[in-house]
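Okay, so here's the structure we're looking at.
One-based numbering, in listed order, for ligands and for the atoms of each. Only a predicted model underlies this, so the values are computations on that prediction, with no experimental measurement involved. Side-chain atoms are counted along with the backbone in the values below, which use heavy atoms only and exclude waters and symmetry mates.
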Amino acid sequence: MTQRTPIIGGNWKMNTDLESGMSLASCVVDGVENCDSCEVVVYPPFPFLQAVESVVDASKVHLGAQNMWHEESGAFTGEISGAMLKDVGVSSVLIGHSERRHVLGESDALIAQKVDLGIKQGLQVVLCVGETLKEREAGDTLAVVLLQLKTGLSNVSRDQMASIVIAYEPVWAIGTGKTATPDDAQSVHASIRSTIVDLYDDNIAQQTRIQYGGSVKPDNATDLFSCEDIDGALVGGASLSADSFTAIVLAACDS
Ligand code: PGA
């Protein structure tokens, strides 16, 4: 079996201020200092990227952004390009997070364009997919998730798959305290991986990291990470506490 390096992302969403964001980043840097077998990324709000970069620079912690626009530059008031993100030291970007899909109305087609440009601009792209509670209860989980996956990857070549991470985040588990059981999550992750086999090949599928997201905490992380197809986590609420986030990173390192 391919050994995949787990990846733990801390999605701060629209939280922290300049001072608390820098202090959180600094505590994360210290907390994960001895963790060699896991990739760690923090995703602060846009205005704090440069300040957080100065804290994580020269550490093991990578800098990520929560979103980007799908055009290179131009008259797009209020938007931020991949090149701007690169300029301030960002190496990873979240695309299609459920809050962007369901609160801001981003479509699969728009998300595919963002994925395409993010990769072309040299960013690691974390493509987020996940079903709502209504969709799960209607038995549509796989139909929804796999359509989001296929559309999101529609412009991605075999070579470009090395820049892709998938985050499976059931919408009903995000910020609610409800986590998918490890078995439920594993079964969706396995379906995502086998769809990547169909779209590309087994080798690419075995190398692609698939994170789980949705109320991941120190006390459920170990069970999730013990699942064969779960390669880390995208963490929201628990990433705002350096102790909780570090504990999740250490659980991934030990997995
Ligand atoms: P949560 O958020 O850990 O607070 O559920 C996860 C996410 O939205 O990425």
For this session: Starting at OG1 of T141, measure out to CD of E131 and round the result to the nearest 0.5 Å.
Result: 4.0 Å
Problem set entry | ILVMFWY clustering at 4.5 Å (side-chain atoms), partners of V171 | none
Ligand 1: protein N/O within less than 3.5 Å of ligand N/O:
from	atom 1	to	atom 2	distance (Å)
ligand 1	2 (O)	K13	NZ	3.4
ligand 1	2 (O)	G236	N	3.4
ligand 1	3 (O)	S215	N	3.4
ligand 1	3 (O)	G236	N	2.8
ligand 1	4 (O)	G237	N	2.8
ligand 1	5 (O)	G175	N	2.6
ligand 1	5 (O)	S215	N	2.7
ligand 1	8 (O)	K13	NZ	2.7
ligand 1	8 (O)	H97	NE2	2.7
ligand 1	9 (O)	H97	NE2	3.2
ligand 1	9 (O)	E169	OE1	3.4
ligand 1	9 (O)	E169	OE2	2.7

Problem set entry | NZ/NE/NH1/NH2 to OD/OE distance under 4.0 Å, D36 and K60 | yes
For this session: Kindly assign one of parallel, tilted or perpendicular to the pair Y168 and H189, based on the angle between their ring planes and the thresholds 30° and 60°.
Result: perpendicular
Problem set entry | Pairs satisfying disulfide (SG to SG under 2.5 Å), at least one member in residues 110-211, at least two apart | none
Problem set entry | disulfide (SG to SG under 2.5 Å) partners of residues 168-255, not counting sequence neighbours, each pair once | C35-C253
